[in-house]
Undergrad: 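This structure is in structure tokens; I'll ask about it shortly.
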Amino acid sequence: MIHIAKRLIEFMLFLLLLSFISFIFIKLAPGDPVKQMLHVDEVSVTKEQIEALRDELKFNEPLYIQYWYWLKRFFEFDLGHSYITKQPVLSELLSRFPATITLTCASLIVMILISVPLGTLSALYKNKWVDHMSRLFALVGSSIPSFWLGLLFIELFAVKLGILPSMGKGTAKHIILPSLTLGIAMSAVYVRLLRSSLLEGLNEDYVKAARARGISEKRIFLFHVFRRSLIPVITIFGMSLGSLISGTVVIEVLFAYPGIGKMVVDAIIRRDYPVIQGYVLFITILIVMINIFVDICYRYLNPEIRLKGVERR
Amino acid sequence: MKIIKQMYWMCSRQLPFILFLAYLLAIVTAPLFTPHDPLEINMNERLLEPSVEHLFGTDHLGRDLFSRILAGGQVTVGTGLLVLIIVLLSGVPLGMMSGFIGGRFDRYFMRIIDSFMAFPDFIIAIVLSGILGPGMLNLIFAIVVTKWGSYVRLARSTVLSEKEKDYVLMAVVNGLSTFKLIRKHLLPHVVGNVFVLATLDFGKIILLIASLSYIGLGAQPPTPEWGAMLNESTPYFHSSPYLMVIPGIAIMSTVLISNLAGDVLRDRFDVKG
Amino acid sequence: MSLLTVHQLYIYFRNKPIVKNIDFTVRHGEWFSLIGESGSGKSITASAIGGLLPKEMLIAAGHILFDYKDITHLSNKEFQKIRGKEISYVFQDYQSSFTPFIKIGKQLDEMIQAHCSLTKKERREIAFQALEDVQLPAKRVYDSYPFQLSGGQLQRASIAMAIMLKPKLLIADEPTTALDSITAAHVLEVIANIKEKINCAILFITHDLRMARKYSNTIAVMKQGKIVEVGTKESVIYHPSHPYTKRLLSAVPTIKRITSPTKRDLILQ
């Protein structure tokens with residue numbers, strides 16, 4: 001418990017630092033957001049209008065006061081309004097977040113469905129043809145750009161065969177292609193990881209000891225090898241949740257899927273700062289929370305660390 | 001017989017790596033031999049199928065795809081190499097220093113690196129190009145930042161593990177100066193490890209560049225970058241599939257060959273990357 | 001009354017013989033010590049008996065008879081029934097006798113479950129009895145993870161596990177090598193006690209003659225994959241016939257030759 005509390009405090013400090021850095025960076029960024037905001041309306045803008053808006057946004061105050069205002073609003077869960085849609089950033093994020101989560105989970109399922117059987121078979125039948133096939137899959141899978149794989153899928157399933165929709169969101173069918181694309185692209189790494197982790201586990205001396213006790217091979221594999229192999233896999237899996245969420249960005253753009261990834265890319269291209277900033281904070285908090293969660297799982301699976309309080313390294 | 005066997009062995013071990021270096025060289029120098037100007041727009045020759053004149057056909061603005069692929073190779077691969085060089089030159093000395101000095105500086109420095117590395121590459125790249133705006137220079141900066149930490153860490157941990165060994169102690173006892181110690185005993189280990197990691201990373205960097213360019217955050221048109229090219233010609237994929245297939249294969253084969261080389265190196269030097 | 005007979009056994013490792021033409025017999029209730037330097041093939045022989053040879057090694061010729069059955073080429077499934085129930089092992093590396101992240105009690109329970117169909121309560125009783133037999137605090141050890149015990153405790157726990165189902169043969173593969181001498185003596189004593197209690201035979205494998213001296217009935221000396229001398233403890237230790245045995249014996253420091261410093265000497269220093 002102390003450990004988790006420590007992590008949380010660290011997290012708060014990190015957040016403060018991050019908020020400061022992102023605030024400063026955006027201030028230093030080129031281009032005048034005020035002009036950008038007003039240009040969107042496509043009416044001629046007067047000097048007075050610009051000044052009025054500047055005052056309204058407190059852009060004329062010194063920097064530290066601006067930061068203070070910003071921070072105050074941040075703790076009131078007010079991330080500002082989008083320059084373009086004029087909607088509150090937080091509600092935009094929250095309304096789009098479920099779509100991203102759905103995509104992430106679906107991809108995760110695809111990833112697990114591919115990498116666990118392949119990795120396991122590969123380790124059990126080392127240097128047999130199953131192993132060669134799954135290693136080839138891992139090699140090609142980690143070399144193929146995910147967006148290109150997605151393009152191929154669209155061409156094949158949506159354009160040629162016409163059985164699946166290629167863009168947007170709505171029915172369950174809409175999620176198939178995006179999640180398949182991301183899941184396949186992500187699973188390559190895990191096939192490899194699981195394989196080497198299991199092989200390492202199978203060579204441990206305690207496996208020999210369990211064999212000498214007459215424990216069946218199946219039981220040894222499930223209870224003595226697989227569980228240990230889960231530790232590195234879960235650790236990296238935790239990181240992968242982050243990269244899955246980040247992987248959704250490309251996939252969302254590719255399939256015009258209305259999640260937060262598509263939203264931020266649009267925002268970056270249109271220089272919609274409040275949205276970018278909101279996304280940065282949101283995704284940071286999300287990933288740090290995932291990391292803390294993974295840390296807890298790691299401790300649960302590894303009693304040595306839990307009981308002795310040994311740090312992971 | 002024995003010679004043949006030995007040669008086979010040599011080739012199977014070295015080939016991917018030699019191939020990789022040859023490939024890099026070819027890609028970087030290829031634009032010298034482009035048959036057409038990769039940027040020259042010719043509306044009379046739009047969307048031509050591959051032929052003798054245009055080996056890979058032409059795109060929606062009538063530009064020669066073959067020339068664009070070659071030029072794009074220089075952009076994509078060259079950018080990747082540039083990123084690696086910047087990362088190596090800045091990260092490795094810092095990491096070695098941190099490992100060598102140790103103590104509180106090392107602890108805090110690693111803490112910062114760790115919290116950076118908790119974030120996936122792609123998110124950092126998105127966040128940075130979000131703050132700095134889309135563009136190739138900002139993309140390079142963003143990828144350098146994402147990759148930087150792991151090299152600092154690797155250089156540091158190599159130095160730390162070598163520093164503990166007896167031969168370093170002996171060298172110190174025998175009065176070797178710090179500078180010579182680092183240069184003669186520590187640097188070779190660090191360079192070896194870092195080199196393996198760099199080869200393994202190269203494919204990932206290429207993928208990052210291409211992906212970010214594809215979603216419009218990297219190279220901007222008309223720059224012939226492979227990802228950006230795919231983005232530009234998206235509307236024409238159905239009628240001219242070669243516009244999709246060829247740049248994709250270019251990216252994939254580059255990444256594949258660098259991954260193969262990386263695997264070979266990793267197996268040989270047993271580095272955990 | 002032979003329990004285990006190894007007859008003209010050859011074991012190959014990648015087309016090279018590493019155990020060559022080995023013959024020996026272990027009788028019921030006997031303490032049989034197999035002595036040899038590292039690499040002499042003694043541990044390989046021990047592994048072969050339980051069908052635990054690594055994949056690259058194979059029995060090329062010869063037979064292993066256990067309890068009047070030929071077990072040389074049993075399938076893995078059939079070996080599983082014998083291992084732990086009739087032949088059990090204690091290894092040198094006590095850290096690896098137990099899977100590190102599973103509680104010892106759970107592993108004992110798992111082993112009983114693998115061989116007998118008993119209720120949970122009965123299984124628990126058997127496990128507790130075995131732990132008490134090796135002089136361990138049963139309840140505490142049962143609920144501990146392996147890393148929470150000391151080396152000696154862990155090795156005793158692994159002995160408890162090995163004898164729990166009253167096997168006919170206990171193969172102790174260098175069980176004392178990784179322990180300090182006091183703990184080793186204790187572990188040896190525990191094994192001797194257990195042997196009396198459940199009346200099993202012991203195949204004791206060691207490179208250290210001192211460990212064989214006290215309890216053995218029969219001693220076999222192995223060198224480079226061959227048994228060079230077999231005999232009763234007395235004949236091998238006091239009347240060695242093979243030069244290798246003689247050398248082995250002369251290499252052992254005896255109490256007579258090296259006088260250990262007394263307390264007075266130490267104080268004087």
Side-chain angles (χ1 to χ4, degrees), chain A residues 10-11 13-14 17-18 21-22 24-26 28-31 138-140 142-149 151-152 154-155 159-160 185 238-250 252-254 261-262 264-269 271 273 275-277 279-280 283-284 287-288 290-291, chain B residues 111-112 114-135 138 157 200 203-204 206-217 220 226-227 230-231 234 237-238 241 243-245 247-260 262-263 272:
Chain A
E10 232 176 76
F11 166 50
L13 284 176
F14 181 74
L17 186 76
L18 180 97
I21 291 173
S22 73
I24 292 296
F25 254 113
I26 284 183
L28 293 177
L139 183 69
V140 174
S142 60
S143 305
I144 209 165
S146 62
F147 65 92
W148 193 60
L149 186 68
L151 288 174
L152 288 182
I154 291 178
E155 195 60 31
V159 179
K160 284 261 156 56
M239 292 190 228
S240 92
L241 264 182
S243 25
L244 256 180
I245 292 175
S246 59
T248 56
V249 175
V250 175
E252 281 174 12
V253 172
L254 173 63
K262 171 112 174 74
V264 74
V265 172
D266 290 346
I268 290 171
I269 290 169
R271 314 264 65 209
Y273 288 120
V275 175
I276 301 172
Q277 201 173 38
Y279 176 83
V280 170
I283 208 82
T284 313
I287 286 172
V288 173
I290 289 172
N291 284 345
Chain B
R111 211 77 201 119
I112 295 170
D114 275 351
S115 34
F116 247 106
M117 283 177 69
F119 293 91
D121 293 356
F122 206 81
I123 287 289
I124 300 184
I126 291 256
V127 164
L128 281 180
S129 53
I131 293 168
L132 301 173
N138 294 341
S157 64
L200 280 168
K204 289 181 204 151
I206 297 289
L207 283 182
L208 264 178
I209 295 172
S211 308
L212 284 165
S213 296
Y214 175 76
I215 58 176
L217 299 187
Q220 302 295 317
W226 292 338
L230 280 168
N231 182 9
T234 305
F237 284 166
H238 189 55
L243 284 178
M244 172 173 85
V245 174
I249 288 178
I251 299 170
M252 198 175 116
S253 50
T254 309
V255 178
L256 192 76
I257 206 165
S258 83
N259 279 351
L260 273 175
D263 280 353
K272 295 237 163 84

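Order of the sequence lines fixes the chain letters, A, B, ..., with proteins taken first and strands second; residue numbering starts at 1 for each chain. The figures here come from the full heavy-atom set of this structure, side chains too, leaving out hydrogens, waters and symmetry mates.
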Undergrad: Tell me every residue that passes side-chain hydrogen bond (donor to acceptor under 3.5 Å, both in side chains) with B/Thr254, counting only those two or more places apart in sequence or in another chain.
TA: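 side-chain hydrogen bond (donor to acceptor under 3.5 Å, both in side chains) list for B/Thr254, sorted by chain: B/Tyr23.
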Undergrad: Mind checking the CD1-CD1 spacing from A/Ile287 to B/Ile123? Nearest 0.5 Å is all I need.
TA: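 The CD1 atom of A/Ile287 sits 4.5 Å away from the CD1 atom of B/Ile123.
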Undergrad: Roughly how far, to the nearest 0.5 Å, is OG of A/Ser143 from CG of B/Leu260?
TA: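 These two atoms lie 7.0 Å from each other.
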Undergrad: In terms of heavy-atom proximity below 4.5 Å to chain A, should B/Leu217 be classed as side chain, backbone, both, or neither?
TA: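 Contact with chain A is through the side chain of B/Leu217 alone.
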Undergrad: Could you give the distance from CD1 (A/Ile144) to CG (B/Leu207), rounded to the nearest 0.5 Å?
TA: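 One finds 10.0 Å between CD1 of A/Ile144 and CG of B/Leu207.
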Undergrad: So, taking the atom named CZ in B/Phe122 and the one named OG1 in A/Thr248, what distance separates them when rounded to the nearest 0.5 Å?
TA: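 Answer for the CZ-OG1 pair, B/Phe122 versus A/Thr248, is 9.0 Å.
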Undergrad: Where on A/Val250 is there a heavy atom nearer than 4.5 Å to chain B: the side chain, the backbone, both, or neither?
TA: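 Both backbone and side chain.
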Undergrad: Say whether, by atom type as modelled, one donor and one acceptor occur between the side chain of A/Trp148 and the main chain of B/Leu230 under 3.5 angstrom.
TA: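 No; zero donor-acceptor contacts below 3.5 Å.
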Undergrad: Find the one option among A/Thr284, A/Val288, A/Val275 whose heavy-atom pairs under 4.5 Å with chain B are most numerous.
TA: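 With the most close heavy-atom pairs to chain B, the winner is A/Thr284.
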Undergrad: So which of B/Gly203, B/Gly227, B/Ser258, B/Ala210 has the biggest tally of heavy-atom pairs under 4.5 Å with chain A?
TA: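 When all of B/Gly203, B/Gly227, B/Ser258, B/Ala210 are compared, B/Ala210 has the most.
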Undergrad: Test side chain to side chain contact (heavy atoms under 4.5 Å, CB included) on A/Val280 and B/Ile126; report intermediate values, then the result.
TA: CA-CA 9 Å; A/Val280 170; B/Ile126 291 256; over 6 Å; no
Undergrad: Say you draw a straight line from OG of A/Ser142 to CG of B/Asp263; how long is it, rounded to the nearest 0.5 Å?
TA: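 Between A/Ser142 OG and B/Asp263 CG, I get 7.5 Å after rounding to 0.5 Å.
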Undergrad: When you compare the side chain of B/Tyr214 with that of A/Leu254, does any pair of heavy atoms fall below 4.5 Å?
TA: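 Yes, side chains in contact.
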Undergrad: Measure distances from A/Ser146 to the heavy atoms of chain B and classify the residue's part below 4.5 Å as side chain, backbone, both or neither.
TA: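 Neither part, no heavy atoms under 4.5 Å.
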Undergrad: Against chain A, label B/Ile257 side chain, backbone, both or neither, depending on which of its atoms sit under 4.5 Å from a heavy atom there.
TA: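 Neither part.
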Undergrad: Drop me the distance from B/Gln220's CD to A/Ile269's CD1, to the nearest 0.5 angstrom.
TA: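 Rounded to the nearest 0.5 Å, the CD-CD1 separation comes to 7.5 Å.
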